[in-house]
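Note that the structure is a prediction, hence the values are computed from the model and not measured. In listed order, ligands and their atoms are each counted from 1.
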Amino acid sequence: MSSLSNKVVIISGASSGIGHALAMVAISRGAKVGVCARNLDKLKVAFTSITEDKIYLHQADVSKEEDCQAFINGVLSKWGKIDVLVNNAGISMRALFEDADLKVIRELMNINFWGTVYCTKYALPSIRQNNGVIVGVSSIAGYRGLPGRTGYSASKFAMQGFLEALRTELLHTGTHVMWVSPGFTASNIRNVARNANGNIQGETPLEEDKLMSAEECAKIILDGVEQRKRTIIMTGQGKLTVWVNKLFSGLADKLVFKHFLKEPGSPLLKYHPQQKI
Ligand SMILES: NC(=O)c1ccc[n+]([C@@H]2O[C@H](COP(=O)([O-])OP(=O)(O)OC[C@H]3O[C@@H](n4cnc5c(N)ncnc54)[C@H](OP(=O)(O)O)[C@@H]3O)[C@@H](O)[C@H]2O)c1
């Protein structure tokens, strides 16, 4: 039997992609699941097949402290406890820093970093009582800054620093803190990534159907939660990037630059137009 059986697992940003898959896999392992996202109709459609005793849906924008508090309180009113919090809600960007409106960086920090801080703050008392687990869905961008994603990288570095400090505070208390770094995973994140003006870019530079599926990613995350892993870097490419960056950071600059220059429509082409492919 899964150790998630009869546990209360809550997930931010679960109307699509990895968050939705996490909720479905957690339910299949016997958990009761509380989820939030900004669009309640989308959430309702996403979980239409799940009965009310298994799911709690809540409309919340995690960049708003009061929404996060209301989400946690809603879960506690329904089930009286929280065992696992997965801070998953997140958005991305694609623009050079010199072109990006500062509101883009602010929005990324507000959702990806502050959303994690708010949900963790309000869920922590119950998670502590239950010797539970706090998870951050980070990225390789939390270990290695990526060009065209300054705000995204900053938000994931901040998330990891916050969680690492919290893990150390909570060492020997029975509460576990971890983060996971998926590789490129099929989802909506690139379609809704912000451009320089803060608008949705409306396309993906990747072939989404060739990426890891959100379901596979969710299974790896929940296996990690059950085993109380410290961190998970999910792909060979991710592991190599983190390793090269640690040991040969100058080389990592060049390799990462080259990789992102080749991306269709790369913002880096502004500085290197002769490289157009
Ligand atoms: N997919 C990848 O390749 C990849 C790789 C590494 C890390 N990640 C991380 O994985 C996490 C999930 O991303 P995904 O790829 O599954 O993207 P996704 O398909 O775009 O899903 C994002 C989810 O977050 C919700 N959300 C966005 N802003 C929110 C806000 N302010 N408040 C509450 N909910 C919000 C969205 O719903 P609403 O818009 O309705 O709010 C949606 O349910 C993110 O933290 C991302 O950084 C993804």
Side-chain angles (χ1 to χ4, degrees), residues 10-25 33-47 57-72 86-94 106-119 135-144 146 149 151-160 163 179-194 198 200-202 204-218 220-221 231-235 237-238 241-242 263:
I10 69 168
I11 303 157
S12 65
S15 56
S16 77
I18 297 168
H20 178 253
L22 278 166
M24 297 305 276
V25 175
V33 174
V35 291
C36 76
R38 288 166 301 182
N39 186 328
L40 188 59
D41 290 337
K42 241 175 92 183
L43 263 186
K44 283 182 181 160
V45 170
F47 293 101
L57 308 177
H58 191 103
Q59 179 170 25
D61 177 344
V62 295
S63 68
K64 296 181 179 152
E65 182 181 345
E66 62 276 17
D67 281 20
C68 296
Q69 187 173 18
F71 171 45
I72 304 301
V86 186
N87 290 295
N88 167 76
I91 62 163
S92 188
M93 65 177 284
R94 200 158 78 122
R106 206 170 286 121
E107 187 185 14
L108 277 144
M109 290 302 289
N110 285 342
I111 295 174
N112 299 4
F113 172 65
W114 278 107
T116 298
V117 173
Y118 297 144
C119 288
V135 188
V137 180
S138 185
S139 162
I140 299 307
Y143 290 97
R144 162 71 228 185
L146 303 180
R149 283 103 176 143
Y152 185 69
S153 303
S155 70
K156 297 297 188 183
F157 266 73
M159 174 200 249
Q160 288 187 195
L163 292 176
W179 65 83
V180 297
S181 303
F184 293 119
T185 304
S187 81
N188 209 23
I189 194 157
R190 282 159 289 275
N191 281 313
V192 296
R194 306 306 191 246
I200 283 168
Q201 71 171 354
T204 170
L206 303 182
E207 292 177 80
E208 297 286 330
D209 53 348
K210 298 211 170 122
L211 307 180
M212 180 186 279
S213 73
E215 192 186 358
E216 189 184 347
C217 179
I220 296 171
I221 294 172
T231 54
I232 303 174
I233 299 172
M234 269 182 224
T235 61
Q237 187 189 34
T241 306
V242 172
E263 190 184 67

Any side-chain heavy-atom pair from Glu66 and Tyr118 closer than 4.5 angstrom? no
Nearest-neighbour protein heavy atom for atom 21 (O) of ligand 1, which is reported as residue plus atom name and distance: Ser16 OG, 3.2 Å
Any idea which atoms of ligand 1 are less than 4.0 Å away from a heavy-atom of Phe184? 3 (O)
Under a heavy-atom criterion of less than 4.0 Å, does Cys36 contact ligand 1? no
Identify the residue among Thr185, Leu206, Thr235, Thr204 that makes a side-chain contact (heavy atoms from CB on, under 4.5 Å) with Leu211. Leu206
As a check for students: among Ser187, Ser139, Ala186, identify the option with a heavy atom nearest to atom 15 (O) of ligand 1. Ser187
Below 4.5 Å, heavy atoms only, C-beta onward: do Ser63 and Glu107 meet side chain to side chain? no
Take Ile232 and Ile221 through the side chain to side chain contact (heavy atoms under 4.5 Å, CB included) test and state the conclusion after the steps. CA-CA 8 Å; Ile232 303 174; Ile221 294 172; 5.7 Å; no
Is any side-chain heavy atom of His58 closer than 4.5 Å to one of Leu43? no
Of Ala21, Ala89, Ala23, the residue with the heavy atom nearest atom 34 (N) of ligand 1 is Ala89
Where the closest heavy atom to atom 3 (O) of ligand 1 is concerned, which of Thr185, Asn188, Ile221, Asp67 has it? Thr185
Is any side-chain heavy atom of Trp179 closer than 4.5 Å to one of Thr116? no
When you measure from atom 10 (O) of ligand 1 to every protein heavy atom, which one gives the shortest distance, and what is it? Val137 CG1, 3.4 Å
What are the two closest non-hydrogen atoms of Ala186 and Ala214, and how far apart are they? O-CB, 3.9 Å
Among protein heavy atoms, which lies nearest atom 48 (C) of ligand 1, and at what distance? Ile18 CD1, 3.7 Å
Are the side chains of Arg190 and Arg94 in touch, meaning some heavy atoms are under 4.5 Å apart? no
Do the non-hydrogen side-chain atoms of Ser139 and Arg149 ever get within less than 4.5 Å of each other? no
For a quick test of reading the model, state the closest non-hydrogen atom pair linking Ala60 to Phe71 and the distance between them. CB-CB, 4.4 Å
Should Val62 be counted as touching ligand 1, given the test is an N or O pair under 3.5 Å? yes
Just to confirm my output: which protein heavy-atom neighbour is closest to atom 47 (O) of ligand 1, and how far is it? Tyr152 OH, 2.6 Å
Below 4.0 Å, non-hydrogen atoms only: which portion of Ser92 touches ligand 1? Side chain, backbone, both or neither. neither
Below a 4.0 angstrom heavy-atom separation, can you tell me which part of Ala214, side chain or backbone, both or neither, approaches ligand 1? neither
Should Lys156 be listed as contacting ligand 1, given a heavy-atom distance under 4.0 Å as the test? yes
Below 4.5 Å, heavy atoms only, C-beta onward: do Met24 and Phe47 meet side chain to side chain? yes
Atom 5 (C) of ligand 1 - nearest protein heavy atom and its distance: Gly183 O, 3.3 Å
So OH of Tyr152 and CG of Asn112: to nearest 0.5 Å the spacing works out to 6.5 Å
Just to be sure I read this right, does ligand 1 sit under 4.0 Å from the backbone of Ile111, its side chain, both, or neither, counting only heavy atoms? side chain
Which of Val33, Ile72, Val35, Val86 passes side-chain contact (heavy atoms from CB on, under 4.5 Å) with Ile10? It is Ile72
Any heavy atom of Arg190 closer to ligand 1 than 4.0 angstrom? yes
Any nitrogen or oxygen of Ile91, side chain or backbone, less than 3.5 Å from one on ligand 1? no
What distance do Leu22 atom CG and Glu215 atom CD have between them, rounded to the nearest 0.5 Å? 10.5 Å
Going by distance only, is there an N or O of Asn39 that falls short of 3.5 Å from an N or O of ligand 1? yes
Tell me, please: is Ala60 in heavy-atom contact with ligand 1, that is, under 4.0 Å? yes
With nothing but distance in play, are any N or O atoms of Asp61 less than 3.5 Å from an N or O of ligand 1? yes
Tell me, which protein residue and heavy-atom name are nearest atom 45 (O) of ligand 1, and how many Å apart are they? Asn88 O, 2.8 Å
Atom 43 (O) of ligand 1 [closest protein heavy-atom partner, distance rounded to 0.1 Å]: Ser15 OG, 2.7 Å
For Gly17, the atoms of ligand 1 under 4.0 Å from one of its heavy atoms are 16 (O), 19 (O)
For atom 24 (O) of ligand 1, the closest protein heavy atom turns out to be Gly13 CA, 3.3 Å
Less than 4.5 Å apart, side chain to side chain, heavy atoms only: is that true for Ile111 and Arg38? yes
Subset of ligand 1 atoms that lie under 4.0 Å from at least one heavy atom of Ser138: 6 (C), 7 (C), 8 (N), 9 (C)
